[in-house]
Student: 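Below are the structure tokens for one structure; questions will follow.
By convention in this document, chain letters (A, B, ...) are assigned in the order of the sequence lines, proteins followed by strands, and residues within each chain are numbered from 1.
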Amino acid sequence: MENKRKILVFNSLAGEKQEFKPIQEGRIGMYVCGPTVYSNAHLGNCRTYVSFDVIFRFLKHLGYSVRYVRNITDVGHLLDDGEDRMLKGARLEQLEPMEIAQKYANGFHEMMRIFNIQNPSIEPLATGHIIEQIEMVKEILERGFAYEKNGSVYFNTIRYIQSGNPYGELSGRVVEDLMAESRDNLKNQDEKNHPSDFAIWMKASDEHIMKWPSPWSVGFPGWHLECSAMSKKYLGEQFDIHGGGNDLKFPHHENEIAQSVGSCGHSPANYWLHTNMLLLNGRKMSKSEGNTISPEQLFTGESKFISKAYSPMSVRFFMLQAHYRSTLDITDEGLQAGEKGFKRLMDALATSKNVQPELSSNSAPKDELVSEIIEQIYSDLCDDFNAPKAIANLFEMAGLINSIANKQIASTEISQYAWEKLKDHFSFFIIDILGLKDESSEANENTTNGLMQLIIELRKDVRERKDWAGSDKIRDGLKELGIQLKDGKEGTDWSRI
RNA sequence: GGUCGGAUGGCCGAGUGGCUAGGCAGAGCUCUGCAAAAGCUCCUACAGCGGUUCGAAUCCGCUUUCGACCUCCA
């Protein structure tokens, strides 16, 4: 446990990096907005959840007890035309609304598993918290920050602002602008008093299938409300971290803040973290413009944007090579570079486990370098979870490992103790913190290891007879199977191509 | 249109007022029967134009350009 390191996080609320201080010593409550399960998981979702996965893993490692809540939205998310997203999906596919939700929730979970993303502590469903949402609407009404119109309830942003609350603080919206825009747009609003007001309860039309009774009407909750209600239920009125994609800042997160302040008098989270968007070939991903690629297409290679398939872990690695707050451009070249870099890292990891160098039992010159790099990686991660910088330092470690394995660093230059520390931390950072894993299955790996041992021994005899044709035949044959032999001073090693 | 954030070497991408990011690609060397791997070395860039400064890719302004948000969005 590494507790008590100073962590800096970029807080969207402040627009700058701030020292992270949890409300309760040693405990962290973190809420991240989950997906709306009305269609297949989008690559952008994956990047966001990969980013928060690393944050979750790292905070736990630092010794914090983290409760990570990530919801699933299965109701209440309105489309442009006012139709519920779940209903739209249902009508198109001739399925029950909950069937749609289940189908895509399953798909989402499968994608999380494929990307090696750890499960959150709690994964609440919006439909499972209708009562809590109705309670929150009541509280907001009681405090006078909402009004009812024809069975629907709207949040009164003007009253909220006039009461001195900073609406727009998170997204940089100016209160005066919101106030000023009233007149022109007002005529387009049927029930809302002001364009910036938003629904917290909607009366359902007759054809609406997903609806629940409430004091105001048979209807359904507004989209922003579920996160407020569920974060409050599981993390309390005030918690530490609230995260999500950059595109949720406004209106979603802004409205969440308003709802929390409106119902219980204070902002829900101290630190707001936002992940940035994914681009494809320098342009935003857009289904309507055909500029999009799905996780499945990435894994199968079936897309005009890429030349080959990429494994989930090489995609995860590719994502982590960019900071979570930067946009990341997906290109075929970039993915290939990522894939090769990932392989180099994993090869070094395998090497570190396979070789058993005999090194100095006393402290040696390179020992300090090992400590420095490890310390640097901790600093990198403590500085707003800078995974790309940490990865750069992991490549430094890989270089050291390879040099030691090759005996390019003399045994007198580094101690046995430092070597153990080096390889343990190398594995720990890659596997446990960055959440990358070896993609070859273990059972196959054991068999293959044994077979390879045998083949290498046989080939050694052939080589000792200087039967180069026979030796090459073995090597070329293995290459056909995707296995590369590496003849070195210390004997022969191998890896997958 | 309004608000905000970017523009880094062949490509992807960190970062900092003066000190090597890293990966991929390319070149050379070491090792080696050959090859591959690995190691070492090289290629050393910060959109443009001004300004601040002893010194700016890093701060400020303008221009160009890309992107995000502006009640669908991770």
Side-chain angles (χ1 to χ4, degrees), chain A residues 15 32-36 38 41-52 77-81 83 85 88 157 168 171-174 177-178 181 192 195-199 222-224 243-252 254-255 274-279 282-287 317-318 321-323 325-342 344-345 347-348 351 380 383 386-396 398-409 463 466 468 471-472 475-476 479 484-489 493-495 497:
Chain A
V32 174
C33 293
T36 303
Y38 65 100
H42 179 74
L43 237 201
N45 290 70
C46 298
R47 162 106 115 167
T48 293
Y49 303 130
V50 162
S51 299
F52 282 106
H77 206 155
L78 295 179
L79 295 167
D80 292 344
D81 57 3
E83 186 178 27
R85 287 203 151 188
K88 176 154 187 173
T157 53
S171 53
R173 236 132 286 242
V174 181
D177 290 354
L178 286 169
E181 82 183 86
K192 289 197 268 182
S196 63
D197 291 352
F198 55 93
W223 169 40
H224 316 299
N246 212 229
D247 47 357
L248 292 182
K249 258 191 206 167
F250 189 88
H252 186 58
E254 200 68 69
N255 290 351
H274 289 100
T275 57
N276 216 136
M277 302 293 103
L278 232 35
L279 306 178
R283 306 205 57 86
K284 79 162 181 175
M285 285 216 220
S286 158
K287 274 184 190 169
F317 176 80
F318 171 74
Q321 271 192 306
H323 188 93
R325 274 193 295 117
S326 301
T327 52
L328 171 60
D329 192 12
I330 297 178
T331 60
D332 195 43
E333 254 184 314
L335 286 164
Q336 275 184 37
E339 181 183 56
K340 287 185 183 171
F342 174 62
R344 202 157 103 78
L345 217 51
D347 279 353
T351 299
D380 295 338
D383 184 9
N386 196 327
K389 219 175 164 194
I391 287 173
N393 280 115
L394 284 171
F395 277 108
E396 298 298 323
L400 267 181
I401 287 166
N402 287 328
S403 296
I404 293 165
N406 287 344
K407 304 227 185 295
Q408 280 158 325
I409 287 178
R463 293 181 78 213
K466 298 211 188 288
W468 306 128
S471 164
D472 285 357
R475 190 175 59 196
D476 295 343
K479 199 170 183 178
Q484 178 70 58
L485 287 182
K486 304 169 186 176
D487 294 330
K489 258 187 196 159
D493 197 359
W494 65 277
S495 71
I497 296 167

Student: What nucleotide, of B/rG33, B/rC66, B/rG22, holds the atom closest to the side chain of A/R283?
Tutor: B/rC66
Student: Assess whether a salt bridge exists between A/D487 and A/R463, defined as any Lys/Arg side-chain N lying under 4.0 Å from an Asp/Glu carboxylate O.
Tutor: yes
Student: Heavy atoms only, 4.0 Å cut-off, all strands: where does A/E333 land among base, sugar-phosphate and nothing?
Tutor: sugar-phosphate
Student: Which word best sums up how the rings of A/H252 and A/H224 line up, parallel for under 30°, tilted for 30 to 60°, or perpendicular for over 60°?
Tutor: tilted
Student: I'd like to know if A/R344 and A/D347 make a salt bridge, using a cut-off of under 4.0 Å between side-chain N and carboxylate O.
Tutor: no
Student: For RNA chain B, which residues of residues 398-408 of chain A approach it to below 4.0 angstrom with any heavy atom?
Tutor: A/G399, A/N402, A/S403, A/N406, A/Q408
Student: Name the pairing partner of B/rU53, where a pair is Watson-Crick or G-U wobble with both distances under 3.5 Å, or state none.
Tutor: none
Student: Is a donor on one side and an acceptor on the other found under 3.5 Å between the side chain of A/R47 and the backbone of A/M277?
Tutor: yes
Student: Quick one: label A/L345 by what it contacts on the DNA or RNA (base, sugar-phosphate, nothing), any heavy atom closer than 4.0 Å.
Tutor: nothing
Student: Starting at atom CG of A/L328, determine the distance to atom C1' of B/rA74, rounded to an integer number of angstrom.
Tutor: 13 Å
Student: Give A/L278 one of three labels, base, sugar-phosphate or nothing, depending on what nucleic acid heavy atoms sit under 4.0 Å from its own.
Tutor: base
Student: Is it the case that A/T157 and A/D197 place a side-chain donor and acceptor less than 3.5 Å from each other?
Tutor: yes
Student: Within the structure, does a side-chain N or O atom of A/R344 lie under 4.0 Å from either OP1 or OP2 of B/rG39?
Tutor: yes
Student: NA contact type, A/G44, heavy-atom cut-off 4.0 Å: base, sugar-phosphate, or nothing?
Tutor: base
Student: What's the gap between B/rA35 and B/rG28 when it is taken at their P atoms, as a whole Å value?
Tutor: 13 Å
Student: Restricting to non-hydrogen atoms, name the atom on A/C33 and the atom on A/L248 that form the minimum distance, rounded to 0.1 Å.
Tutor: CB-CD1, 3.6 Å
Student: Would you say the base of B/rA74 and the side-chain of A/H42 have a donor-acceptor pair closer than 3.5 Å?
Tutor: yes
Student: From the set B/rG22, B/rG33, B/rC11, return the single nucleotide nearest to any side-chain atom of A/R463.
Tutor: B/rG33
Student: Of the candidate nucleotides B/rG33, B/rG67, B/rG23, which contains the atom at the shortest distance from the side chain of A/D487?
Tutor: B/rG33
Student: Which listed nucleotide (B/rC12, B/rA74, B/rC69) is nearest to the side chain of A/F250?
Tutor: B/rC69
Student: NZ of A/K249 versus P of B/rU3: gap in Å, rounded?
Tutor: 16 Å
Student: By nearest atom, which of the nucleotides B/rA74, B/rC12, B/rA35 is closest to the A/Q484 side chain?
Tutor: B/rA35
Student: Base, sugar-phosphate, or nothing for A/D329, non-hydrogen atoms under 4.0 angstrom?
Tutor: sugar-phosphate
Student: Heavy atoms only, 4.0 Å cut-off, all strands: where does A/E254 land among base, sugar-phosphate and nothing?
Tutor: nothing
Student: Between B/rA74, B/rC24, B/rG33, spot the one nearest the side chain of A/D472, thanks.
Tutor: B/rG33
Student: Using the P atom as the reference point in each nucleotide, state the distance between B/rG50 and B/rA56 in Å, no decimals.
Tutor: 13 Å
Student: For A/S326 and B/rG6, is the shortest distance between a side-chain N/O and OP1 or OP2 below 4.0 Å?
Tutor: no
Student: With respect to the phosphate group of B/rA25, does any side-chain polar atom (N or O) of A/K340 fall under 4.0 Å of OP1 or OP2?
Tutor: yes
Student: Supply the atom-to-atom distance A/D329 CG to A/L279 CG, rounded to the nearest 0.5 angstrom.
Tutor: 5.5 Å
Student: Is a donor-acceptor pair below 3.5 Å formed from side chain A/R475 to base B/rA35, judging by atom type as modelled?
Tutor: yes
